[in-house]
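What follows is a short report on a single structure.
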Number of protein chains: 4
Amino acid sequence: MSKKEKITDKRAALLNATLTLVNNHGFHNAPMSKIAILAGVAPATIYLYFENKQDLINQLYLEVKKSFSSCAFQGYSGELSVKDGFELIWFNIANYKLNQIKEANFLSQCDNSPMVEEEIRVEGLRHLQPLLDLWERGKKEEVIKPLSDYVLYAFSIYPLSFLLEMQERQTFTLNEELKAQTFLAAWDAISL
Amino acid sequence: MSKKEKITDKRAALLNATLTLVNNHGFHNAPMSKIAILAGVAPATIYLYFENKQDLINQLYLEVKKSFSSCAFQGYSGELSVKDGFELIWFNIANYKLNQIKEANFLSQCDNSPMVEEEIRVEGLRHLQPLLDLWERGKKEEVIKPLSDYVLYAFSIYPLSFLLEMQERQTFTLNEELKAQTFLAAWDAISL
Amino acid sequence: MSKKEKITDKRAALLNATLTLVNNHGFHNAPMSKIAILAGVAPATIYLYFENKQDLINQLYLEVKKSFSSCAFQGYSGELSVKDGFELIWFNIANYKLNQIKEANFLSQCDNSPMVEEEIRVEGLRHLQPLLDLWERGKKEEVIKPLSDYVLYAFSIYPLSFLLEMQERQTFTLNEELKAQTFLAAWDAISL
Amino acid sequence: MSKKEKITDKRAALLNATLTLVNNHGFHNAPMSKIAILAGVAPATIYLYFENKQDLINQLYLEVKKSFSSCAFQGYSGELSVKDGFELIWFNIANYKLNQIKEANFLSQCDNSPMVEEEIRVEGLRHLQPLLDLWERGKKEEVIKPLSDYVLYAFSIYPLSFLLEMQERQTFTLNEELKAQTFLAAWDAISL
DNA sequence: GATGAATGAGACTTCATTCAT
DNA sequence: GATGAATGAAGTCTCATTCAT
């Protein structure tokens, strides 16, 4: 294992420990000392990789957001039809949210509290551009409703966060068939 | 001012101070000392009305949830048609979320973090029954898609939380006309 | 019930509540609020009868010490022989310690910690004079060892505190026969 | 100075500071902040060595009890005659109580209040076994009265606590000659 | 006399962060 | 780079006491 990998190792372990603790107990109740223990390093070591706790959270947010985005557009090409493109992206996101529960959960928590600094949050949004481009095209082709992107997102993608939350609390499960039916709700919401 | 009113006064002031601080700075960074100052009482006084910080948060959650629910069903009657009934409720909720921003924001934060105890959260859910009953009827009348209530909620009501969030961050505003168009997205998502 | 008795009632209730709480949980962990609750009065009422917490403890100490002393010399007369007199007093004290457990226990706790102010403690000692006089006579009659009163007390009376403690912790019980044998140990210790 | 020694140093300093403060002012009025100051460390440092205040007290009790026991049986061998063995132990204990005043005083305070947890107290008792064995032998040889060990202890060893207390309050001093006479009282109390 | 809401002071404890090793 | 002992600052909460009623 190379030196570079070793370093990355500890950084990754710290990010992962933070993810777990914040998810299970919230930002408060995720003290640096416990993060260190769970990551298997000394408290002081955290400060070799991150400036301070806020920085650690910020970086984790960006990291997770990046993994989310890269997953969302896997296999996507601008040449697909609007509906096919949206379907691909939607299922990608749905699968991410339902499988990478820890990560999805963390993003929810960040997006609904002042935990992550505003500046960082904005940076995390840039990754959705291909979806916005797709919608732009859809509006021109009169396939998608002429609504603000915020509204389109709110009624097609954002609902998946709620379903994740329910699944996380074990009050609801989404199998493949249900997922397909659910997609139709999303599509009906935004399509003309 | 009667003695009873005075008591309620301080309790209310504390709840309100907590609402403001948690919204602006998160559960962490809302220390009891600051809550006391903002409410205009001594720190020790908080403990006359609440057992501890968690209890304060729990009670605030229940209080806000109650005000939310009572607002949601204002003017509602089971004799309305499914669409009319849903429209009424939807606009009630939309208006609550867009006007009572502080309260709505707080609920979002609670629902997406382990801030409120699970037991309390469950208690806060009972209030939505009339909406679930309406959907039940809608499914029988074949007006509403035969989907789980969770999915219906996720695609018609929950999206409003996202729009609130955007409005809160001043990246987006929903005027009356846009609101009407947005309602259609919600209705299309869940109707057959 | 006369007014005077009523007042005394509350004072007595407070002293009794304090006795119970201090015994069961120690001086620390016997907050004024709990004392008030156990006595069935409001916290502020305590300050009508006692200057402050220290005064409450002091008064309780004196009260209990007085009851102890008056019990110790019940039936005693200076005309008894030294041995008979001592026997009478010893059994009186033994019975007090083994029956009035709460009171005896409290005295032990006070005598072994800086809980009661020195000045008060000294005042509580004056009551033993008849016993000291008896020993004085015993030494003259060459029945009692020519030792300091402190030593005589330490080896004949003080041991009863230990036996009380053991009885309180249910590791040991002193029935009538054992008590008689135990008296002999006390007598042997101090007699010539 | 080695690292290990340094650690022991602070722990010892803390135990010692606690001993002093609890002796002089009682468990209450021995706040962690003052303990820290007297030990020359920051308040938070206490929690590196002890779980909480109760743990600190418990550990101090065990430590002192251990030192007491090891002192009590110094030079003792099972081959001594009952009287000689007892005399040795008695003087050991007497010297400990009269010289290690702080420690002896602390033990008295603990043994007479609910300051130390019951569980810990019991653990502290195991050390006296050799004395109990000696008494067992003494009873068989018909040198020691056939009384419960509790009674024997109460009338021969426990009285020393009282004398310590008196000496501590400077109302009485025990020189070597008096000590010898006092031993006779102890021996007379328990011997046949 | 009696109350109980209110509080300032201070208790115990935790935590993010640093620094000598 | 890595550590872990150490800490100042701050957190939550308790308590003896007061004062308007």
Side-chain angles (χ1 to χ4, degrees), chain A residues 3-4 6-7 9-11 28-37 40-57, chain B residues 2-4 6-7 9-11 27-36 40-56, chain C residues 3-4 6-7 9-11 28-37 40-57, chain D residues 2-4 6-7 9-11 27-36 40-56:
Chain A
K3 207 173 181 181
K4 181 66 187 298
K6 244 178 161 176
I7 287 176
D9 250 9
K10 289 206 173 156
R11 204 186 107 94
H28 74 291
N29 293 340
M32 297 297 255
S33 54
K34 279 189 194 162
I35 290 173
I37 289 169
V41 303
T45 305
I46 300 179
Y47 294 85
L48 296 177
Y49 297 96
F50 305 96
E51 254 181 58
N52 51 36
K53 194 178 182 182
Q54 185 64 62
D55 183 42
L56 169 56
I57 295 284
Chain B
S2 80
K3 210 172 187 178
K4 181 69 186 297
K6 244 179 167 177
I7 288 177
D9 255 7
K10 289 213 171 146
R11 205 186 107 95
F27 184 113
H28 73 290
N29 293 340
M32 297 300 252
S33 54
K34 280 189 194 162
I35 291 173
V41 302
T45 304
I46 300 179
Y47 296 88
L48 293 179
Y49 298 95
F50 305 96
E51 259 183 51
N52 50 38
K53 194 176 181 182
Q54 184 66 62
D55 184 42
L56 169 56
Chain C
K3 207 171 183 182
K4 181 69 187 295
K6 242 177 163 177
I7 288 176
D9 249 10
K10 288 207 173 156
R11 204 186 107 94
H28 74 293
N29 293 340
M32 297 298 255
S33 54
K34 278 189 194 164
I35 290 173
I37 288 170
V41 303
T45 305
I46 300 179
Y47 294 85
L48 295 177
Y49 297 95
F50 304 97
E51 253 181 58
N52 50 37
K53 193 177 182 183
Q54 185 64 62
D55 182 43
L56 169 57
I57 295 285
Chain D
S2 80
K3 210 171 186 179
K4 182 67 186 297
K6 243 179 165 176
I7 287 178
D9 254 6
K10 289 214 169 143
R11 206 186 107 93
F27 184 113
H28 73 292
N29 293 340
M32 296 301 251
S33 54
K34 280 188 195 162
I35 291 174
V41 300
T45 304
I46 300 178
Y47 295 88
L48 292 179
Y49 298 95
F50 306 96
E51 259 181 52
N52 49 39
K53 193 176 182 182
Q54 184 65 63
D55 183 43
L56 170 56

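First the proteins, then the strands, lettered A, B, ... as listed; each starts at 1. Just so it is clear, the structure is predicted and the values come from calculations on it, not from any experiment.
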Handout entry: Listed nucleotide nearest any side-chain atom of B:Thr45, set E:dA6, F:dG8, F:dA2
Key = E:dA6
Completion exercise
Rounded to the nearest 0.5 Å, the CD1 atom of D:Ile46 sits from the CG atom of D:Asn52 at a distance of 11.0 Å
Fill in the blank from the handout: The reported gap from NZ in D:Lys10 to CG in D:Leu48 (rounded to nearest 0.5 angstrom) is 8.5 Å
Fill in the blank from the handout: C:Ile46 CD1 to F:dT17 P, in whole Å, measures 9 Å
Handout entry: By side chain to side chain donor-acceptor pair (under 3.5 Å) - contacts of A:Glu51 (at least two apart)
Key = none
Exercise for the section: Please name the pair of heavy atoms, one in B:Met32 and one in B:Tyr47, separated by the smallest distance, quoted to 0.1 Å. Expected result: CE-OH, 3.4 Å
Handout entry: From C:Leu56 atom CG to C:Arg11 atom CZ, the distance as rounded to the nearest 0.5 Å
Key = 9.0 Å
Exercise for the section: Would you mind reading off the bend of the helix from E:dA2-F:dT21 to E:dT21-F:dA2 from its two end axes, five pairs each, to 10 degrees? Expected result: 10°
Practice task
Round to the nearest Å and state the distance from C:Ile37 atom CD1 to F:dT14 atom C1'.
Solution key: 13 Å
Practice task
Identify which nucleotide among F:dA5, F:dG4, E:dT7 has an atom closest to any side-chain atom of A:Ala42, counting heavy atoms from C-beta outward.
Solution key: F:dG4
Fill in the blank from the handout: Winner on side-chain proximity to B:Leu48, out of F:dA5, F:dT3, E:dA5, is E:dA5
Problem - Interatomic distance, B:Phe50 CZ vs E:dA5 P [rounded to whole Å] - result: 14 Å
Handout entry: NZ on C:Lys34 to CD1 on C:Ile37, rounded to 0.5 Å
Key = 8.5 Å
Exercise for the section: Choose from E:dT3, F:dG1, F:dT7 the nucleotide whose nearest atom is closest to any side-chain atom of D:Val41. Expected result: F:dT7
Completion exercise
When rounded to whole Å, the CG to C1' distance for the pair C:Asp55 and F:dT17 reads 14 Å
Problem - Gap between atoms CD1 and C1', on B:Ile35 and F:dC13 respectively (whole Å) - result: 13 Å
Exercise for the section: For each nucleotide in nucleotides 10-16 of chain E, reading 5' to 3', give B when a protein heavy atom comes within less than 4.0 Å of its base, S when such contact involves only the sugar-phosphate, and - otherwise. Expected result: -SSBBBS
Problem - N/O (side chain, A:Tyr49) to phosphate O (OP1/OP2, F:dG1) under 4.0 Å - result: no
Fill in the blank from the handout: Those residues at least two apart in sequence (or on a different chain) that pass side chain to side chain donor-acceptor pair (under 3.5 Å) with B:Asp55 are B:Gln59
Exercise for the section: Whole angstrom is fine here: how far is it from NE2 in B:His28 over to C1' in F:dA10? Expected result: 14 Å
Completion exercise
Nearest heavy-atom contact between C:Ala42 and C:Ala36 is C-CB, 4.0 Å
